[in-house]
Student: 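Take a look at this one; I'll ask things after.
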Amino acid sequence: MAAWMIGIIILLCQVSTPSAQGGGGNPTSIIIAISVVGSVFGLLILMAIVIFSYKFAKKVVPDVVKEWRNTSTPAPAEIWGVDTPEMEKFLREIAEESPIRFTSQQLNAFTNNYSTRLGSGGFGDVYKGQFPNGLKIAVKILKRNSDKKVENQFMAEIGTIGRTRHRNLLRLYGFCYDEFMSALVLEYMENGSLDRFLYGKIKNELDWEKLLEIAIGTARGIAYMHEECQRKIIHYDIKPANILLDENFSPKVGDFGLANLCNKDNTHVSLTEYRGTPGYSAPELLRFNFPVTYKCDVYSFGMLLFEMVGRRKNAAVGPSGSIDWFPIEVWERFEKGELVNMSSDCDVEENGERKMVIERICVVALWCVQDSPEDRPPMSAVVKMLEGSVEIVPPPKPFQYMFPISTDTSTVAVAMDSEQMSSGSTSSYSVSKGNLPIWYKGSASAPILRT
């Protein structure tokens with residue numbers, strides 16, 4: 001820039017020389033000189049504006065990101081490459097916790113015109129996609145109908161997982177809602193749903209140790225919804241198809257389309273219509289307008305555990321045409337002390353550790369499916385029981401609501417081995433009937449199951 005200024009001064013001197021020597025100047029030369037000088041000064045001013053704008057743009061990048069997140073237009077790709085100060089990066093990450101509203105055109109681009117379908121169902125179709133930065137996603141397109149069920153499902157999903165973050169809950173990145181489309185942009189799970197590994201062609205691919213890890217992780221996710229969220233979340237549809245597995249087979253609870261938010265002070269929720277999936281739903285859900293608690297999720301989780309043990313659906317048609325209901329078979333074998341025979345693995349009986357895993361899962365499942373919601377343990381207690389850090393008390397007989405003659409569960413519990421039901425240290429998770437603790441007692445240095 002200094003060189004340009006020197007050049008301008010020399011030019012002016014050359015123009016003014018004839019004027020000084022000849023007593024008069026050439027008007028045309030003067031006009032040309034003035035034009036050149038004006039053009040140069042204009043160019044300098046333009047360059048100064050460009051340099052100032054560039055520096056200013058770098059300074060306000062975080063504000064641009066913040067404004068972008070409040071619109072339906074994604075930030076330009078180059079924004080993510082700007083090197084911002086550490087505090088600004090932190091604030092941007094906090095802002096990104098909230099779901100983003102996308103347009104239908106953006107979803108079309110993310111999914112490459114919906115070229116790869118991952119699955120379909122009554123709710124709609126799920127397609128594989130990818131953000132511009134390479135992050136894989138699953139786009140769930142909801143089918144609309146006239147009775148607003150899809151609209152309610154859409155709001156339930158965003159109102160629940162859109163406000164929570166946990167390693168065992170499926171993450172919601174964003175959504176799309178306009179006159180043509182209702183869609184959810186979700187975390188992509190490499191290994192799909194758990195049901196593929198329970199009664200599909202690859203049902204024996206997961207060993208018992210991995211199945212136990214999946215059970216514990218799922219229980220932790222449900223416990224977070226019930227006990228740690230600011231507003232309690234009742235899922236209503238816990239089943240293998242809604243337990244998703246990432247590339248490391250870590251479980252995440254998904255599909256919150258039937259979920260309900262309630263204040264922690266509310267112990268019951270009144271439902272005016274059935275929710276859930278037959279075969280996994282708690283018996284109280286079958287009663288119209290019956291007060292329902294979060295323990296209905298505990299019952300469904302117990303049914304899920306039975307299918308993990310049997311690696312099959314709980315209800316199957318036997319050779320004679322009768323219904324073979326696996327949970328009843330588990331109870332009968334529990335009474336006989338033959339839970340180890342529930343597994344089809346030939347090497348289980350030779351492996352004491354695997355035998356303990358199967359027995360533990362079975363006994364926890366029997367506790368979860370107790371007829372009365374009050375008798376079912378909360379999910380935080382279920383986590384402890386599955387982890388093997390406590391001694392599990394033998395459960396009363398479940399499913400008595402299915403038979404015409406019922407037995408008082410408290411009588412069954414008291415009739416059990418008095419030594420096993422004797423007093424023990426209880427925790428904040430346990431509940432007592434009289435002076436007798438149920439579910440489990442104290443903590444144990446090693447898992448103990450007396451069957």
Student: Counting N and O atoms only, with roles assigned by atom type, does the side chain of Gln400 sit under 3.5 Å from a partner on the main chain of Asp371, one being a donor and the other an acceptor?
Tutor: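 Pair absent, no side-chain N/O of Gln400 close to backbone of Asp371.
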Student: Are any non-hydrogen side-chain atoms of Thr164 and Tyr224 less than 4.5 angstrom apart?
Tutor: yes
Student: Which residues pass the salt bridge (charged side-chain N to carboxylate O under 4.0 Å, His left out) test with Asp255, not counting sequence neighbours?
Tutor: Lys140
Student: Please name the pair of heavy atoms, one in Cys176 and one in Thr103, separated by the smallest distance, quoted to 0.1 Å.
Tutor: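 So the two residues come closest at SG-C, 3.8 Å.
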Student: Just by modelled atom types, is the Gly302 backbone N or O under 3.5 Å from a matching donor or acceptor in the Trp367 side chain?
Tutor: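 No: the side chain of Trp367 does not pair with the backbone of Gly302.
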Student: Are the charged groups of Glu205 and Arg196 less than 4.0 angstrom apart, N to O?
Tutor: no
Student: Looking at residues at least two apart in the chain, or sitting in another chain, which of them share a side-chain contact (heavy atoms from CB on, under 4.5 Å) with Leu135?
Tutor: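 Expected list: Phe131, Asn133, Tyr173.
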Student: Looking only at heavy atoms, which two atoms of Thr160 and Ala259 are closest? And how far apart?
Tutor: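 What the structure gives for the nearest pair is CG2-CB, 3.8 Å.
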Student: Do Pro327 and Phe399 have side chains that get closer than 4.5 Å, going by heavy atoms?
Tutor: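 Side chain of Pro327 against side chain of Phe399, heavy atoms only: contact under 4.5 Å found.
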Student: Test Ile243 against Val253 for side chain to side chain contact (heavy atoms under 4.5 Å, CB included), laying out the working first.
Tutor: CA-CA 5 Å; Ile243 307 303; Val253 180; 4.1 Å; yes
Student: Are Asn242 and Thr277 side-chain neighbours, meaning at least one heavy-atom pair lies under 4.5 Å?
Tutor: no
Student: Out of curiosity, Ile234 CD1 to Lys232 NZ, how far, rounded to the nearest 0.5 Å?
Tutor: 6.5 Å
Student: Just wondering, do Glu284 and Pro373 contact through their side chains at under 4.5 Å, heavy atoms?
Tutor: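 SC-SC contact between Pro373 and Glu284 confirmed.
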Student: Just grab all the salt bridge (Lys or Arg N to Asp or Glu O under 4.0 Å) pairs involving residues 240-251, residues at least two apart or on different chains.
Tutor: none
Student: Could you measure the distance from the NZ atom of Lys128 to the CD1 atom of Ile137? Nearest 0.5 Å is fine.
Tutor: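 Here the interatomic distance stands at 11.0 Å.
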Student: To the nearest 0.5 Å, what is the distance between NZ (Lys295) and CD (Glu374)?
Tutor: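 Between Lys295 NZ and Glu374 CD, I get 6.5 Å after rounding to 0.5 Å.
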Student: How would you list, by chain and number, every residue that makes a side chain to side chain donor-acceptor pair (under 3.5 Å) with Arg312, sequence neighbours excluded?
Tutor: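 Counting only residues at least two positions away or on another chain, Arg312 forms a side chain to side chain donor-acceptor pair (under 3.5 Å) with Asp324.
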Student: Is the ring pair Phe154/Tyr177 parallel, tilted or perpendicular, if the boundaries are 30 and 60 degrees?
Tutor: tilted
Student: Just how far is it from atom CD of Glu151 to atom CD of Gln153, taken to the nearest 0.5 Å?
Tutor: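 One finds 11.5 Å between CD of Glu151 and CD of Gln153.
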Student: By side-chain contact (heavy atoms from CB on, under 4.5 Å), which residues pair with Ala219, not counting sequence neighbours?
Tutor: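 By the side-chain contact (heavy atoms from CB on, under 4.5 Å) rule, Ala219 matches Phe301, Met379, Val382, Val383, Leu386.
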Student: Could you report the tightest heavy-atom contact between Pro395 and Leu366, atom names first, then the distance?
Tutor: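 Taking every non-hydrogen atom into account, CG-CB, 3.7 Å.
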Student: Just grab all the salt bridge (Lys or Arg N to Asp or Glu O under 4.0 Å) pairs involving residues 177-194, residues at least two apart or on different chains.
Tutor: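 Applying salt bridge (Lys or Arg N to Asp or Glu O under 4.0 Å) to every pair that reaches into residues 177-194, excluding sequence neighbours, yields Lys136-Glu190, Glu187-Lys252.
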Student: The test is side chain to side chain contact (heavy atoms under 4.5 Å, CB included); show your working for Leu184 and Ile158 and say whether it passes.
Tutor: CA-CA 8 Å; Leu184 301 168; Ile158 297 176; 4.0 Å; yes
Student: Does the pair Glu353 and Met356 meet the rule for a side chain to side chain contact (heavy atoms under 4.5 Å, CB included), with working shown?
Tutor: CA-CA 5 Å; Glu353 186 174 344; Met356 289 296 296; 5.8 Å; no
Student: Does a side-chain heavy-atom distance below 4.5 Å link Arg220 with Glu387?
Tutor: yes
Student: Please step through salt bridge (charged side-chain N to carboxylate O under 4.0 Å, His left out) for the pair Lys336 and Glu332, ending with a clear verdict.
Tutor: CA-CA 7 Å; Lys336 299 175 182 178; Glu332 291 174 350; 5.8 Å; no
Student: Quick check for you: to the nearest 0.5 Å, what is the distance between Gln130 atom CD and Phe110 atom CZ?
Tutor: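 It comes to 10.5 Å.
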Student: Please answer whether the main-chain N or O of Ser380 pairs with a side-chain N or O of Glu227 as donor and acceptor at a distance below 3.5 Å.
Tutor: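 Pair found, side chain donor or acceptor close to backbone of Ser380.
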Student: So, using salt bridge (charged side-chain N to carboxylate O under 4.0 Å, His left out) as the criterion, who are the partners of Lys210 when residues are at least two apart?
Tutor: Glu213
Student: Calculate, to the nearest 0.5 Å, the distance between atoms CG and CD1 belonging to Asn191 and Ile214 respectively.
Tutor: 9.0 Å
Student: What I'd like to find out is whether the side chain of Ile323 reaches to under 4.5 Å of the side chain of Val317, using heavy atoms alone.
Tutor: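 A side-chain contact under 4.5 Å exists here.
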Student: Using atom types as modelled and distance alone, determine if a side-chain donor or acceptor of Glu307 lies under 3.5 Å from a backbone N or O of Lys313.
Tutor: no
Student: How far apart are the closest heavy atoms of Asp297 and Tyr236, and which atoms are they?
Tutor: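 So the minimum-distance heavy-atom pair works out to OD1-N, 2.9 Å.
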Student: My understanding is that only residues two or more places apart in sequence, or in another chain, count here; which of them pass salt bridge (charged side-chain N to carboxylate O under 4.0 Å, His left out) with Lys239?
Tutor: Asp237
Student: Can you name the side chain to side chain donor-acceptor pair (under 3.5 Å) partners of Ser182, sequence neighbours left out?
Tutor: Arg144
Student: For Gly254, is there any backbone N or O sitting under 3.5 Å from a side-chain donor or acceptor partner on His235?
Tutor: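 Side chain of His235 to backbone of Gly254, a donor-acceptor pair under 3.5 Å: yes, one is there.
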Student: If you apply the rule side chain to side chain contact (heavy atoms under 4.5 Å, CB included), what do you find for Arg171 with Ile161, and how did you get there?
Tutor: CA-CA 7 Å; Arg171 181 175 177 182; Ile161 58 173; over 6 Å; no
Student: When you measure from the side chain of Glu338 to the backbone of Phe334, do you find a donor-acceptor pair of N or O atoms at a distance under 3.5 Å?
Tutor: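 No, the answer is negative, given that no donor and acceptor are paired below the 3.5 Å cut-off.
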Student: Could you tell me which residues satisfy side-chain contact (heavy atoms from CB on, under 4.5 Å) with Ile141, sequence neighbours excluded, listed by chain and number?
Tutor: Tyr114, Tyr127, Val139, Met181, Ala183
Student: With sequence neighbours left out, what residues match Asp195 under salt bridge (charged side-chain N to carboxylate O under 4.0 Å, His left out)?
Tutor: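 Per chain and number, Asp195 pairs via salt bridge (charged side-chain N to carboxylate O under 4.0 Å, His left out) with no residue.
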Student: Using side-chain heavy atoms (C-beta onward) and a distance below 4.5 Å, is Leu211 in contact with Val309?
Tutor: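 A side-chain contact under 4.5 Å is absent here.
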Student: Could you label the plane-to-plane angle of the Phe249 and Phe197 rings as parallel, tilted or perpendicular, counting under 30° as parallel and over 60° as perpendicular?
Tutor: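 Plane angle over 60°, so perpendicular.
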Student: State, to 0.1 Å, how close Pro251 and Asn168 come at their nearest heavy-atom pair, and which atoms those are.
Tutor: O-ND2, 2.9 Å
Student: Among all residues two or more places apart in sequence or in another chain, which pass the side chain to side chain donor-acceptor pair (under 3.5 Å) test with Glu335?
Tutor: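 Trp331.
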Student: Is there a donor-acceptor pair under 3.5 Å between the side chain of Trp439 and the backbone N or O of Val364?
Tutor: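 No: the side chain of Trp439 does not pair with the backbone of Val364.
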Student: Would you check if Leu169 and Met225 make a side-chain contact, meaning some heavy-atom pair closer than 4.5 Å?
Tutor: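 Sidechains of Met225 and Leu169: in contact.
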Student: For the residue pair Arg376 and Pro283, what are the closest heavy atoms and their distance?
Tutor: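 Shortest heavy-atom contact: NH2-CD, 3.8 Å.
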